[in-house]
Amino acid sequence: MIIGKDIIEQYNKGEVENFDSDFDYLQNKLTRSGANVSEIVDKIADFQVAIPSWALGAGGTRFGRFSYGGEPSSLEQKLDDVGLIHALTHSAGAISLHIPWDIPSDVKAIKEKAVSHGLVFDAMNSNTFQDQPNAKHSYKFGSLNTVNEDSRAYAVEHNKEVIRIGKELDSKSLTVWLADGASFPGQLNFQTALSKTEQSLKEIYAGMPEDWKLFIEYKPYEPNFYSTTIQDWGTSFMLANACGDRAYTLVDLGHHLPNSNIEQIVATLMYKGKLGGFHFNDSKYGDDDLTVGSIKPYALFLIFNELVYGIENNPQNPYPAWMIDASHNVKDPLEDLIQSLEAILIAYAQALLVDQKALKDAQSNNDVVRAQEILQNAYRTDVRPLLKAARLKTGAALDPISAYRNLKVRETLISERGFDTKATGL
């Protein structure tokens with residue numbers, strides 16, 4: 001299924017009248033407060049978030065998985081699905097692949113298909129947290145951290161293979177997430193596990209092209225519940241420093257213990273020039289992978305406030321890589337991703353409204369009340385007309401979810417692919 005510009009233009013005709021009045025009201029209000037509305041709309045229009053290939057099918061739990069039908073069963077179809085999201089939103093201009101499930105059989109054809117949808121290939125993702133069919137060595141007791149040198153070398157070589165595939169696709173980064181850890185006390189030696197992990201990451205880093213970045217994720221628990229080897233941002237930061245200048249920490253919003261101050265982590269990493277990227281999702285209890293902004297929208301706004309400040313004031317930190325890492329079992333996965341994009345852009349737009357000079361003055365004068373008012377005034381602003389203005393400017397649908405449903409995208413995908421197809425890489 002392809003959604004052409006003419007189809008979106010026709011859909012937008014029925015939405016423009018309400019948009020015009022809403023936007024005019026907000027534009028006048030923000031202009032009176034000193035905001036540069038045109039500049040904010042341009043920044044929203046330019047903001048792009050990568051879609052993970054594994055989120056295009058139905059999510060699952062430990063107990064079940066319930067398909068919506070029409071899932072992409074090949075890399076080509078995954079690109080088509082991201083192309084649909086990008087056509088509707090114009091903010092999903094990249095796809096992040098998961099190897100070994102997304103190995104292209106015809107690199108030239110895959111690159112041409114990506115170009116046809118206006119997509120580029122974002123970070124490549126390796127997988128050493130489960131054994132693949134016919135694997136020569138097992139990751140049961142670890143991959144990059146294991147005392148089994150054959151398994152460790154096997155995991156390092158897998159990451160190097162992912163880099164080789166990424167080079168062919170013009171990707172420029174590798175994300176490493178490890179499930180390595182221990183389920184019981186005494187199962188491993190903490191220092192030995194950390195030393196092996198550092199050694200492995202250095203070997204992988206040495207195999208990257210000079211224009212590539214290495215993103216190192218962290219997670220406090222799961223699937224091992226006693227310890228994980230890269231359990232927090234500090235460990236990731238330490239390992240990134242050990243690897244070199246092009247190694248960075250990657251922050252997954254779900255990879256924190258409850259009530260962690262993620263915005264402070266973001267600020268610290270940007271100050272040190274080591275925030276490489278983001279995996280956006282939301283959670284109530286742990287790594288729930290819920291739709292972005294569905295549980296803690298104010299926390300997301302506070303994180304974006306630090307990101308906006310850091311992008312402006314921390315030239316030592318590269319522009320972060322943005323990616324969604326959310327999926328849920330009871331939603332159409334494409335609708336879930338569109339909702340996540342909306343939440344990300346809302347938080348970004350709200351953060352752009354923060355008067356950083358006024359906030360700095362309030363902080364300098366220890367005016368706690370004024371500082372809170374500045375942040376909450378921005379957060380309480382309904383910025384959705386700004387998002388619609390950006391979409392109208394880029395040729396996207398003013399209301400992507402409504403357009404998705406009116407155009408019967410899921411029904412069309414089911415008619416084209418059938419109901420029993422299953423996406424890989426979950």
Side-chain angles (χ1 to χ4, degrees), residues 52-55 57 59-62 65 96-103 123-166 173-208 214-232 235-236 238-240 242-243 247 249-250 252 254-255 279 286-287 289 325 327 423-426:
S53 63
W54 58 90
T61 69
R62 297 179 196 176
R65 185 175 180 276
S96 189
L97 302 187
H98 203 188
I99 306 302
W101 294 282
D102 298 321
I103 299 175
M124 303 294 291
N125 299 267
S126 58
N127 182 300
T128 62
F129 53 83
Q130 62 193 111
D131 292 344
Q132 302 299 326
N134 304 314
K136 294 180 180 179
H137 303 282
S138 177
Y139 300 138
K140 181 177 181 178
F141 296 109
S143 60
L144 298 186
N145 79 341
T146 183
V147 294
N148 185 314
E149 286 301 314
D150 288 337
S151 294
R152 194 183 70 81
Y154 193 55
V156 169
E157 178 54 36
H158 167 69
N159 278 275
K160 290 182 177 180
E161 176 63 17
V162 174
I163 293 169
R164 288 191 285 269
I165 295 169
S173 55
L174 170 69
T175 296
V176 174
W177 175 70
L178 295 182
D180 294 358
S183 293
F184 300 97
Q187 181 179 329
L188 52 71
N189 180 281
F190 292 137
Q191 293 190 26
T192 299
L194 186 59
S195 174
K196 294 287 186 183
T197 300
E198 180 177 322
Q199 179 185 346
S200 299
L201 288 171
K202 285 180 176 178
E203 292 176 31
I204 294 166
Y205 183 85
M208 293 195 319
L214 174 64
F215 300 144
I216 303 172
E217 275 194 75
Y218 57 91
K219 189 175 183 180
Y221 68 93
E222 195 184 42
N224 292 285
F225 289 97
Y226 175 63
S227 74
T228 50
T229 299
I230 308 180
Q231 81 276 25
D232 57 25
T235 306
S236 170
M238 178 178 62
L239 291 169
C243 287
T249 293
L250 186 142
D252 184 306
H255 289 191
H279 281 184
D287 188 20
D289 274 346
D325 189 8
S327 62
T424 56
L426 297 172

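These numbers come from a predicted model, not from an experiment.
- Here T249 pairs with S236 under the side-chain hydrogen bond (donor to acceptor under 3.5 Å, both in side chains) rule; sequence neighbours left out.
- Side-chain atoms of S200 never come within 3.5 Å of backbone atoms of V156 as a donor-acceptor pair (strictly under, hydrogens ignored).
- At least one donor-acceptor pair under 3.5 Å links the side chain of N224 to the backbone N or O of A179.
- Heavy atoms only, all atoms of each residue included: I204 and I163 are closest at O-CD1, 3.9 Å.
- Side-chain polar atoms of S126 and N159 form a donor-acceptor pair below 3.5 angstrom.
- Distance check: H158 NE2 to L144 CG gives 9.5 Å after rounding to the nearest 0.5 Å.
- Distance check, rounded to the nearest 0.5 Å: CG of D180 to CG of L194 gives 11.5 Å.
- Partners of K196 under the side-chain hydrogen bond (donor to acceptor under 3.5 Å, both in side chains) rule, at least two apart in sequence or in another chain, are E149.
- A donor-acceptor contact shorter than 3.5 Å is absent between the side chain of N145 and the backbone of T197.
- The line from CD1 of I99 to CD of E161 is 8.5 Å long, rounded to the nearest 0.5 Å.
- Atom NE2 of H255 is separated from atom CG of D287 by 4.0 Å, given to the nearest 0.5 angstrom.
- Residues satisfying the side-chain hydrogen bond (donor to acceptor under 3.5 Å, both in side chains) test with Q132, not counting sequence neighbours, are none.
- One finds the CG atom of N127 at 4.0 Å from the CZ atom of F129 (value rounded to the nearest 0.5 Å).
- The closest side-chain donor-acceptor pair between D289 and S327, if any, does not fall under 3.5 angstrom.
- Side chain to side chain, W54 and D102 fail the donor-acceptor criterion of an N or O pair below 3.5 Å.
- E157 has no carboxylate O lying under 4.0 Å from a charged side-chain N of K136, or vice versa, which leaves the two without a salt bridge.
- Using the six-membered ring where Trp is involved, Y139 and Y154 have ring planes that are tilted, between 30° and 60° apart.
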